[in-house]
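Throughout, residue positions are numbered sequentially from 1 according to the sequence presented. Both counts, for ligands and for their atoms, begin at 1 and track the order of listing. Computation of the quantities below employed the complete heavy-atom set of this structure, encompassing side-chain atoms and omitting hydrogens, waters and symmetry-equivalent molecules.
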Amino acid sequence: MGAQGPDQVVIVGGGTAGWMTASYLKAAFEDRISITLVESGKIGTIGVGEATFSDIRHFFEFLNLREEDWMPACNATYKLAVRFQDWRRPGHHFYHPFEQLRSVNGFPLTDWWLNGGPGERFDQDCFVMASLCDAGRSPRYLDGTLLDQEARAVTDEPSGLTMSEHQGKTQFPYAYHFEAALLAKYLAAYAVDRGVRHIVDEVQDVRLDSRGWIDHIVTKEHGEIRGDLYIDCTGFRGVLLNKALEVPFMSYQDTLPNDSAVALQVPLDMKKLGVRPYTTATAQRAGWIWTIPLFGRIGTGYVYAKDYCTPEEAERTLREFVGPEAESVEANHIRMRIGRSAQSWKNNCVAVGLSSGFVEPLESTGIFFIHHAIEQLVKYFPAADWNPKTRDMYNAAVAHVMDGVREFLAVHYRSAARDDTQYWKDAKTRPVPDALEERLERWKAQLPDSENIFPYYHGLPPYSYMCILLGMGGIPLRSSPAVGLSDDTAAQKEFQAIRGKAQHLVDALPTHYDYFAEMRS
Ligand SMILES: Cc1cc2nc3c(=O)[nH]c(=O)nc-3n(C[C@H](O)[C@H](O)[C@H](O)COP(=O)(O)OP(=O)(O)OC[C@H]3O[C@@H](n4cnc5c(N)ncnc54)[C@H](O)[C@@H]3O)c2cc1C
Ligand SMILES: N[C@@H](Cc1c[nH]c2cc(Cl)ccc12)C(=O)O
């Protein structure tokens with residue numbers, strides 16, 4: 001250990017979590033810490049074609065990586081929204097977009113929409129992005145400029161803030177789709193180039209000292225490896241935190257029953273078919289199917305609850321959904337551990353990634369959890385005295401993010417109008433996390449705002465809750481009485497402005513495919 005504190009870091013696991021952590025810590029502390037990353041050559045990583053939050057741009061900025069550098073290497077595309085298909089009824093869709101919701105006279109535009117919006121679709125009337133998604137547009141022009149003046153101002157946003165500090169200040173207009181396994185490979189080169197020692201070997205044992213702290217790990221071929229701080233990035237196995245240090249795992253299964261997935265990577269002729277600029281989540285009999293457009297292929301998979309559907313049935317449903325293009329592609333069946341570790345940091349071990357916690361990928365939060373954990377680890381990096389208060393603050397921040405996202409996902413199922421199978425009927429009566437029942441009652445009286453959603457930072461702003469409640473259609477909502485009593489001229493003008501801007505952008509912007517064909521040429 002150095003004079004400042006722990007400076008020998010050992011990371012176990014070479015998936016997205018392991019390499020994101022190694023590269024970020026190197027960017028933060030350079031050669032003032034030494035990092036060894038051990039990954040098994042035999043135990044595979046999870047990588048299915050992932051979607052992200054927009055905040056991940058801060059990760060790339062921190063590493064000084066530009067889109068032109070990393071995106072082509074990861075088959076990445078832009079994500080303007082999540083499209084929820086068939087959650088209300090077959091044939092219905094709505095978007096949860098990356099776009100700040102406008103307010104008029106102190107009320108969100110959605111409140112005015114409930115009182116008398118111009119059309120049937122709240123997403124198209126209140127957000128420009130819904131029309132861009134329907135039309136398959138890129139958020140950038142072919143020369144790389146962002147879609148409009150307002151969004152350009154967002155790129156001048158203050159730098160050097162963590163994600164939680166950015167929340168509510170600006171809303172960047174897009175996130176990404178990419179192959180997480182390729183990102184891990186790309187970041188491995190970045191990290192090794194900056195001095196990270198990379199060992200391919202299996203950790204067979206974790207030896208503790210008399211206080212129960214990790215003393216060293218034992219590998220199959222490289223013997224003992226010692227460090228001050230150990231980072232567990234071993235995925236659902238939780239080799240260090242859950243197994244060796246016996247930190248219990250708290251399941252979220254009572255409120256979020258989906259525990260299984262079957263995934264396919266399907267090569268497609270994107271030139272012919274185009275590339276959708278959004279993630280699609282299509283409701284199914286016992287769960288939902290994700291469709292993530294990558295460059296040259298789609299990542300797709302059925303997330304389901306095995307209490308309601310067998311793996312064979314799930315694979316059959318997925319293959320029928322995708323069509324003949326998937327015939328020669330092998331399916332990957334995955335059991336998901338849904339919930340979080342009781343503490344993600346115990347003694348000298350911090351878990352990052354699936355070993356820390358995971359919820360089903362409905363709102364693409366896995367990589368957001370990793371990014372958030374790494375930012376918090378830097379913020380609360382231990383000193384020589386290993387002050388337990390630092391650890392406690394880290395554990396609270398990480399737990400809040402996951403518990404908050406758990407609530408947000410539970411809202412999706414509780415509010416979905418669909419009730420055609422036992423799975424969807426049970427979704428209406430399944431218990432929800434503490435305090436959400438009361439929040440739902442409040443939202444029936446007044447749309448969600450920052451005062452009445454989950455009270456700690458968890459990545460989701462109030463407008464995200466509004467989108468889900470308005471789109472899912474199963475919970476009665478009403479506009480504020482004050483909106484009904486007010487002159488709505490300004491609101492109607494705003495609706496018109498959105499429609500006009502959407503039309504202009506649909507006409508002016510290139511297709512999503514054309515943008516990436518140009519970027520790669
Ligand atoms: C079905 C599904 C869909 C998902 N979709 C999304 C999405 O759309 N968006 C998103 O943000 N996230 C998504 N995720 C989550 C995302 O894929 C993961 O968070 C991410 O890939 C990080 O995984 P990881 O690195 O924690 O674990 P893994 O990828 O499982 O890596 C574990 C690593 O630990 C190593 N290891 C394990 N045991 C040992 C040992 N004894 N010795 C040495 N090494 C060991 C393995 O070799 C491997 O390198 C999804 C996850 C699943 C399951
Ligand atoms: N901080 C997140 C929150 C967010 C705001 N809008 C959306 C939309 C979707 Cl689909 C996911 C997430 C979000 C972010 O900006 O990424």
Exercise. Any N or O of Leu354 that comes nearer than 3.5 Å to an N or O of ligand 1?
Worked result: yes
Problem set entry | Residue selection (non-hydrogen contact nearest atom 7 (C) of ligand 2) among Phe172, Tyr174, Phe98 | Phe98
For this session: Report yes or no: does Ala51 have a heavy atom closer than 4.0 Å to ligand 1?
Result: yes
For this session: Would you please indicate if the ring centroids of Trp70 and Phe59 are separated by under 6.0 Å?
Result: no
Exercise. Among Asp228, Val196, Ile35, whose side-chain contact (heavy atoms from CB on, under 4.5 Å) with Val9 holds?
Worked result: Ile35
Problem set entry | Smallest separation among heavy atoms of Arg276 and Thr280, with atom names | NH1-OG1, 4.2 Å
Seminar exercise, completed: Checking heavy atoms under 4.0 Å, the part of Arg237 that sits near ligand 1 is side chain
Exercise. Does Ala175 reach ligand 2, in the sense of a heavy atom lying below 4.0 Å from it?
Worked result: no
Problem set entry | Per atom 27 (O) of ligand 1, closest listed option by heavy atom (Ala17, Gly14, Gly235, Gly15) | Gly235
Exercise. Taking the six-membered ring for Trp, are Phe178 and Tyr176 ring centroids under 6.0 Å apart?
Worked result: no
Problem set entry | Nearest protein heavy atom with distance in Å, relative to atom 10 (Cl) of ligand 2 | His96 O, 3.1 Å
Exercise. For Cys309 and Ala286, which heavy atoms make the closest approach, and how far apart are they?
Worked result: CB-CB, 3.8 Å
Problem set entry | Ring centers of Phe60, His58 separated by less than 6.0 Å | no
Problem set entry | Region of Cys233 engaging ligand 1 - heavy atom pairs below 4.0 Å | backbone
For this session: Answer yes or no: does atom CZ of Arg319 have more than 12 heavy-atom neighbours from other residues, nucleotides or ligands under 6.0 Å?
Result: yes
Exercise. Val82 heavy atoms, cut-off 4.0 Å: which ligand 2 atoms fall inside?
Worked result: 10 (Cl)
For this session: Check each atom of ligand 2 against the heavy atoms of Pro97 and keep those under 4.0 Å away; list them by number with element.
Result: 6 (N), 7 (C), 8 (C)
Problem set entry | Sub-4.0 Å heavy-atom approach of Val303 to ligand 1 | no
Exercise. Should the proximity of Phe369 to ligand 1, defined as any heavy atom under 4.0 Å, be assigned to the side chain, the backbone, both, or neither?
Worked result: neither
Exercise. Should the proximity of Ala261 to ligand 1, defined as any heavy atom under 4.0 Å, be assigned to the side chain, the backbone, both, or neither?
Worked result: side chain
Exercise. Do any nitrogen or oxygen atoms of Asp201 come within less than 3.5 Å of a nitrogen or oxygen of ligand 1?
Worked result: no
Exercise. So, Asp215 and Arg207, do they make that salt bridge, N to O below 4.0 Å?
Worked result: no
Exercise. Closest non-hydrogen protein atom to atom 44 (N) of ligand 1, residue and atom name please, with distance?
Worked result: Ser40 N, 3.1 Å
Problem set entry | Short N or O distance, Gln171 and ligand 2, threshold 3.5 Å exclusive | yes
Exercise. Quick one: nearest non-hydrogen protein atom to atom 16 (C) of ligand 1, plus distance?
Worked result: Glu50 OE2, 3.7 Å
For this session: With heavy atoms under 4.0 Å as the rule, classify the contact between Pro361 and ligand 1 as side chain, backbone, both or neither.
Result: side chain
For this session: Fit a plane to each ring of His96 and Phe98, take the angle between them on a 0 to 90° scale, and name the class: parallel (under 30°), tilted (30 to 60°) or perpendicular (over 60°).
Result: parallel
Exercise. Backbone or side chain, does any N or O of Val352 fall under 3.5 Å from an N or O of ligand 1?
Worked result: no
For this session: Return yes or no for this condition: an N or O of Ile43 is under 3.5 Å from an N or O of ligand 1.
Result: yes
Exercise. For ligand 1, is there an atom lying under 4.0 Å from some heavy atom of Trp290?
Worked result: yes
For this session: Could you tell me the residue and atom name of the protein heavy atom closest to atom 50 (C) of ligand 1, and the distance to it rounded to 0.1 Å?
Result: Phe358 CZ, 3.6 Å
For this session: Pull out every atom of ligand 2 sitting under 4.0 Å from any heavy atom of Pro461, numbered as shown with elements.
Result: 3 (C), 4 (C), 5 (C)
Problem set entry | Within 6.0 Å of CZ in Arg88, more than 12 heavy atoms from elsewhere | yes
Exercise. In ligand 2, which numbered atoms sit nearer than 4.0 Å to a non-hydrogen atom of Ser54?
Worked result: 14 (C), 15 (O), 16 (O)
Problem set entry | Centroid-centroid under 6.0 Å between His177 and Phe295 rings | no
Problem set entry | Residues Glu407 and Arg439 bridged, charged N to O under 4.0 Å | yes
Seminar exercise, completed: Check: of Ile199, Ile338, Val200, Ile46, min heavy-atom distance to atom 30 (O) of ligand 1 comes from Ile46
Problem set entry | Any Ile370 heavy atom less than 4.0 Å to ligand 1 | yes
Problem set entry | CZ/Arg194: more than 12 non-hydrogen atoms of other groups inside 6.0 Å | yes
For this session: Return the residue, atom name and 0.1 Å-rounded distance of the protein heavy atom closest to atom 20 (C) of ligand 1.
Result: Thr16 OG1, 3.7 Å
Exercise. Any idea which protein heavy atom is nearest atom 11 (O) of ligand 1, and the distance to it?
Worked result: Ile367 N, 2.7 Å
Exercise. How does Val48 reach ligand 1, if at all, at less than 4.0 Å between non-hydrogen atoms: by side chain, backbone, both, or neither?
Worked result: side chain
For this session: Determine whether the aromatic ring centres of Trp19 and His198 lie less than 6.0 Å apart.
Result: yes
Exercise. Is the distance between the ring centroids of Phe408 and Tyr465 under 6.0 Å?
Worked result: yes
Problem set entry | N or O contact, Gly459 vs ligand 2, cut-off under 3.5 Å | yes
Exercise. Does a salt bridge link Arg285 with Asp86, judged by any charged N lying under 4.0 Å from a carboxylate O?
Worked result: no
Exercise. Taking heavy atoms and a distance under 4.0 Å, where does Ser364 meet ligand 2: side chain, backbone, both or neither?
Worked result: neither
Exercise. In terms of residue, atom name and distance, what is the protein heavy atom nearest to atom 6 (N) of ligand 2?
Worked result: Tyr463 OH, 2.7 Å
For this session: Assess whether side chain to side chain donor-acceptor pair (under 3.5 Å) is satisfied between Arg140 and Tyr78, documenting all intermediate values.
Result: CA-CA 10 Å; Arg140 288 188 185 272; Tyr78 293 140; 3.2 Å; yes
Exercise. Are the aromatic ring centres of His458 and His400 under 6.0 angstrom apart?
Worked result: no
Exercise. Is there a heavy atom in Phe368 that sits closer than 4.0 Å to ligand 2?
Worked result: no
For this session: For atom 1 (N) of ligand 2, grab the closest protein heavy atom and report residue, atom and distance to one decimal in Å.
Result: Asp55 OD2, 2.6 Å
